Participant: 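This is the structure I have questions about; it appears just below.
Labels below follow one simple rule: chain letters A, B, ... track the order of the sequence lines, proteins then strands, and each chain is numbered from 1. Note that the structure is predicted; figures quoted are calculated from it, not measured.
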Protein chains: 4
Amino acid sequence: MDTSSRTPRRTPTRLRLYAAAGTLIAEQGFSSTTVEEIAARAGVAKGTVYYNFTDKTELFEELLRYGVEQLAAELRQAAEGATVAGAGRVAALERMLRAGLLFADRSPAVVQLYVAEQWRTNRPWQATLHDVRRELLAVFEAVLRDGLAEGEVDQEVDVPLAAANLLGTLLVTALDWRAFQPERPLRDVHSALVRLLRGSVGGHAR
Amino acid sequence: MDTSSRTPRRTPTRLRLYAAAGTLIAEQGFSSTTVEEIAARAGVAKGTVYYNFTDKTELFEELLRYGVEQLAAELRQAAEGATVAGAGRVAALERMLRAGLLFADRSPAVVQLYVAEQWRTNRPWQATLHDVRRELLAVFEAVLRDGLAEGEVDQEVDVPLAAANLLGTLLVTALDWRAFQPERPLRDVHSALVRLLRGSVGGHAR
Amino acid sequence: MDTSSRTPRRTPTRLRLYAAAGTLIAEQGFSSTTVEEIAARAGVAKGTVYYNFTDKTELFEELLRYGVEQLAAELRQAAEGATVAGAGRVAALERMLRAGLLFADRSPAVVQLYVAEQWRTNRPWQATLHDVRRELLAVFEAVLRDGLAEGEVDQEVDVPLAAANLLGTLLVTALDWRAFQPERPLRDVHSALVRLLRGSVGGHAR
Amino acid sequence: MDTSSRTPRRTPTRLRLYAAAGTLIAEQGFSSTTVEEIAARAGVAKGTVYYNFTDKTELFEELLRYGVEQLAAELRQAAEGATVAGAGRVAALERMLRAGLLFADRSPAVVQLYVAEQWRTNRPWQATLHDVRRELLAVFEAVLRDGLAEGEVDQEVDVPLAAANLLGTLLVTALDWRAFQPERPLRDVHSALVRLLRGSVGGHAR
DNA sequence: TATGAATGAGGGTTCATTCAT
DNA sequence: GATGAATGAACCCTCATTCAT
């Protein structure tokens with residue numbers, strides 16, 4: 001009903017601002033990116049940014065939320081795809097890692113932003129970050145927990161710790177891939193990740 | 001080498017400025033931290049910063065170099081310690097991971113700065129970052145290469161990729177530990193890392 | 001006279017805008033009051049303001065004219081009432097003071113605006129202010145002149161000066177009353193004013 | 001001791017900013033006067049304003065305080081001068097009125113600012129205004145109270161009301177004089193004020 | 001008649017940097 | 001070696017105004 005009233009998501013203007021801001025901030029950092037630049041790249045006037053968002057920070061927070069929610073959705077999808085295909089939980093995790101790499105390849109800015117800000121404190125968007133972190137971790141934790149219940153994952157595995165490790169490693173690896181070895185095929189990077197995964201969860205493939 | 005002209009490298013004043021800048025920038029980011037704040041926290045006047053460094057960026061770069069060189073030294077020491085003790089290469093890697101965690105616990109700011117900036121582009125200190133990255137990776141690569149040569153590490157392991165993975169995972173895990181689960185004993189976190197390590201390198205402990 | 005072209009002078013919408021603008025500008029000043037605020041308080045959209053007035057300044061000028069003309073009319077009425085009742089000129093002035101106080105109580109915004117702007121220079125609505133000032137002074141001057149002619153007012157009284165004094169004192173006293181001693185009955189404030197009046201004009205009540 | 005630490009009053013820079021800001025704001029109003037203009041007129045850079053004051057509002061408040069305190073001091077002096085000369089309380093009030101006119105002639109900006117803001121609400125400097133108002137009123141009230149005690153002032157006079165009336169009338173009259181009849185000698189305006197005064201307080205000159 | 005998304009010039013504020021002491 | 005008053009370029013944000021609907 002009043003879906004459009006508060007946050008008219010999908011407004012072309014807002015989406016274009018997300019895209020522009022994402023790229024620029026990922027490259028230069030939040031403070032070094034000016035609102036003017038963002039507006040210019042989005043093809044709108046500076047004032048338009050402020051017509052659509054309270055301020056620069058809010059734009060950033062909504063962008064973060066928007067981007068990470070997409071990532072979470074794709075991870076969830078990958079996990080579900082595995083379930084549907086009758087594959088095991090470890091296989092599901094492998095698919096999630098691949099989905100993560102694909103996402104990072106397509107939307108590096110989001111991953112970049114997330115990693116760069118994740119462990120800072122005293123930042124205005126702390127709360128937002130915490131929210132999206134929880135959402136991402138939840139996806140991994142769910143699969144790990146299922147794997148544990150079904151005996152596919154080692155009993156000693158510490159679910160929260162392993163989830164955080166997998167997520168962190170996935171993101172950092174993806175960034176490293178893009179930044180320093182972009183010529184490598186996804187396959188190689190995925191293999192390396194899967195190796196780590198096997199070590200981490202014990203991986204008694206079914 | 002290109003030792004700063006005017007003053008000796010590490011006066012007490014400079015060290016206090018490193019400490020102040022490190023903490024503040026790790027928390028708030030480079031741009032959001034003002035020279036005034038840094039000076040205040042170091043207990044000197046603003047002008048003093050400019051007496052000791054060319055500009056804010058140079059302060060940051062020297063701080064980065066200073067901090068990461070320390071980390072590299074400790075990693076190297078850990079590896080050497082293993083050699084001296086007659087332990088294998090995988091054991092050396094395990095000690096390095098422990099050393100990394102200890103360092104992060106003691107100097108979180110350095111790790112924070114490094115991770116936050118590592119995958120950005122278009123930043124003024126790109127060159128410095130690249131240098132220190134190389135230095136850190138070199139430590140891991142050396143040990144991995146030895147392990148490979150000695151047959152202790154799986155033949156299929158891709159040394160550069162594995163080194164980057166290990167370093168990235170180590171740092172990210174350390175940050176996550178400090179930020180979100182600081183009550184955990186180092187032992188737990190180290191175990192989880194070792195698990196990943198075994199997966200990664202195959203780990204046929206001698 | 002120079003009736004605005006497009007629309008009839010006093011539509012309900014315009015009157016609501018006057019009321020909204022009057023209150024807000026009296027409280028916050030012209031520049032600190034936004035067109036958006038005015039529109040919101042009047043319950044219309046921002047564009048509507050521009051449909052009804054050329055710009056923000058014109059709205060303010062018309063509001064000023066509208067309000068002060070009302071005050072002038074009430075002062076005139078009070079004077080005439082005295083004449084009809086066969087009272088003297090000093091009594092007429094006393095009635096005018098009462099009428100002024102009543103008006104200020106009812107429409108404080110108008111008085112507020114007038115006083116705050118009256119002695120500024122370099123303001124866009126200078127001309128308008130001068131007009132309405134003349135209109136107000138004329139009412140006092142007429143009565144004073146009659147009183148002088150009829151010997152009821154001291155011969156040494158300087159009519160323009162006395163008129164300006166009476167008007168200024170009336171308005172300032174009214175504002176002070178509302179702002180700082182609103183609990184006082186009108187009667188008290190009126191008495192104090194009448195005292196000043198007697199001093200000013202000599203007041204040989206008939 | 002640390003007089004100079006917090007508020008280094010008398011710093012030429014600050015005084016020049018007071019003078020510049022006073023004139024400009026009196027003419028154009030607070031919002032219509034830019035910090036740039038103020039700095040330019042004071043012969044300093046824009047940043048200097050912010051080095052000396054927190055923000056534009058604080059500059060204005062300190063200016064207000066500074067200016068009105070001067071006025072209060074001169075009023076007090078005038079009253080004391082009368083006491084020393086052995087004149088009565090009504091004579092003291094007359095001297096105060098003259099002192100007020102002289103001050104307004106010399107520093108019209110201060111009076112202007114005070115009157116324009118005095119009866120607004122919802123302004124950031126409300127508290128400051130209230131303070132200085134109290135200070136000014138106190139001077140009048142003291143003399144009136146003495147006059148009452150000594151029988152020189154009518155028993156029915158309401159001291160707070162009369163003080164507010166006298167102050168308001170003085171200031172408004174001074175502004176009117178400067179704005180609309182600057183050719184008039186001070187003597188004329190003073191006479192008119194004294195008339196009002198006599199009416200107000202009864203004035204049984206000794 | 002009325003609306004509200006979009007604009008862009010303008011202004012307050014910040015802060016790295018300089019320099020005279 | 002160190003200081004801190006002063007600077008001014010750069011930037012965030014506001015808001016009067018426009019215009020297509």
Participant: Given atom CG of Leu24(B) and atom C1' of dC15(E), what is their separation to the nearest angstrom?
Facilitator: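 Rounding to the nearest Å, CG of Leu24(B) and C1' of dC15(E) are 15 Å apart.
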Participant: Return yes when atom CD of Glu36(D) has more than 12 non-hydrogen atoms of other residues, nucleotides or ligands closer than 6.0 Å, and no otherwise.
Facilitator: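 Result for CD/Glu36(D): open.
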Participant: Indicate whether OP1 or OP2 belonging to dC13(F) is found under 4.0 Å from a side-chain N or O atom of Tyr50(A).
Facilitator: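 Affirmative; the distance criterion is met.
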Participant: Hey, does the Lys NZ or Arg CZ of Arg14(D) hover above the aromatic six-ring of Phe53(D), less than 6.0 Å from the centre and inside 45° of the axis?
Facilitator: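 Yes; both conditions hold, so Arg14(D) lies above the ring face of Phe53(D).
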Participant: Would you tell me if any nitrogen or oxygen in the side chain of Thr11(C) comes within less than 4.0 Å of OP1 or OP2 on dT1(E)?
Facilitator: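 No.
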Participant: dG11(E) P sits how many Å from Asp55(D) CG, rounded?
Facilitator: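 Distance, rounded to whole Å: 17 Å.
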Participant: One thing to verify: whether Glu117(C) and Arg123(C) come together as a salt bridge, which I'm taking to mean a side-chain N less than 4.0 angstrom from a carboxylate O.
Facilitator: yes
Participant: Quick check: on DNA chain E, is the nucleotide nearest Lys56(B) upstream (toward 5') of the one nearest Lys56(D), or the reverse? Name the residue that is more 5'.
Facilitator: Lys56(D)
Participant: Evaluate the side-chain proximity of Thr34(A) to Ile38(A): yes if any heavy-atom separation is below 4.5 Å, no if none is.
Facilitator: no
Participant: Go through residues 30-48 of chain B and report each residue with a non-hydrogen atom lying under 4.0 Å from DNA chain E, sorted by number.
Facilitator: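 Those residues whose heavy atoms fall under 4.0 Å from DNA chain E, taken from residues 30-48 of chain B in numerical order, are Thr33(B), Thr34(B), Val35(B), Lys46(B).
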Participant: Separation of Glu58(A) atom CD from dT14(F) atom P, in whole Å?
Facilitator: 12 Å
Participant: Let me know the distance between OH of Tyr51(C) and P of dT3(E), rounded to the nearest Å.
Facilitator: 12 Å
Participant: Would you sort out whether Phe60(C) and Thr128(C) count as a side chain to side chain contact (heavy atoms under 4.5 Å, CB included), showing the intermediate values?
Facilitator: CA-CA 10 Å; Phe60(C) 181 64; Thr128(C) 300; over 6 Å; no
Participant: Under a 3.5 Å limit for both distances, which nucleotide forms a Watson-Crick or G-U wobble pair with dA20(F), could you say?
Facilitator: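 Checking every strand shown, dA20(F) finds its partner in dT3(E), with both distances under 3.5 Å.
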Participant: Does the structure show a Watson-Crick or G-U wobble partner for dC12(F), both distances under 3.5 Å? Name it, or say none.
Facilitator: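 Check on dC12(F): paired to dG11(E), both distances under 3.5 Å.
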Participant: With DNA chain F as reference, determine whether Val49(B) or Val49(D) sits nearer its 5' end, using the nearest nucleotide of each.
Facilitator: Val49(B)
Participant: If you compare all heavy atoms of Leu113(D) against all heavy atoms of Leu64(D), which two are closest, and at what distance to 0.1 Å?
Facilitator: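 Scanning both residues completely, I find the closest heavy atoms to be CB-CD1, 3.9 Å.
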Participant: With respect to the phosphate group of dA2(F), does any side-chain polar atom (N or O) of Asn52(B) fall under 4.0 Å of OP1 or OP2?
Facilitator: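 Indeed, a polar side-chain atom of Asn52(B) lies that close.
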Participant: Show the nearest heavy-atom pair for residues Pro108(A) and Leu175(A), with the distance to one decimal.
Facilitator: O-CD2, 4.5 Å
Participant: What is the separation between atom CD on Gln28(C) and atom C1' on dC15(F), rounded to the nearest whole Å?
Facilitator: 14 Å
Participant: Atom CZ of Phe53(B) to atom C1' of dA2(F): distance rounded to whole Å?
Facilitator: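 It works out to 14 Å between those atoms.
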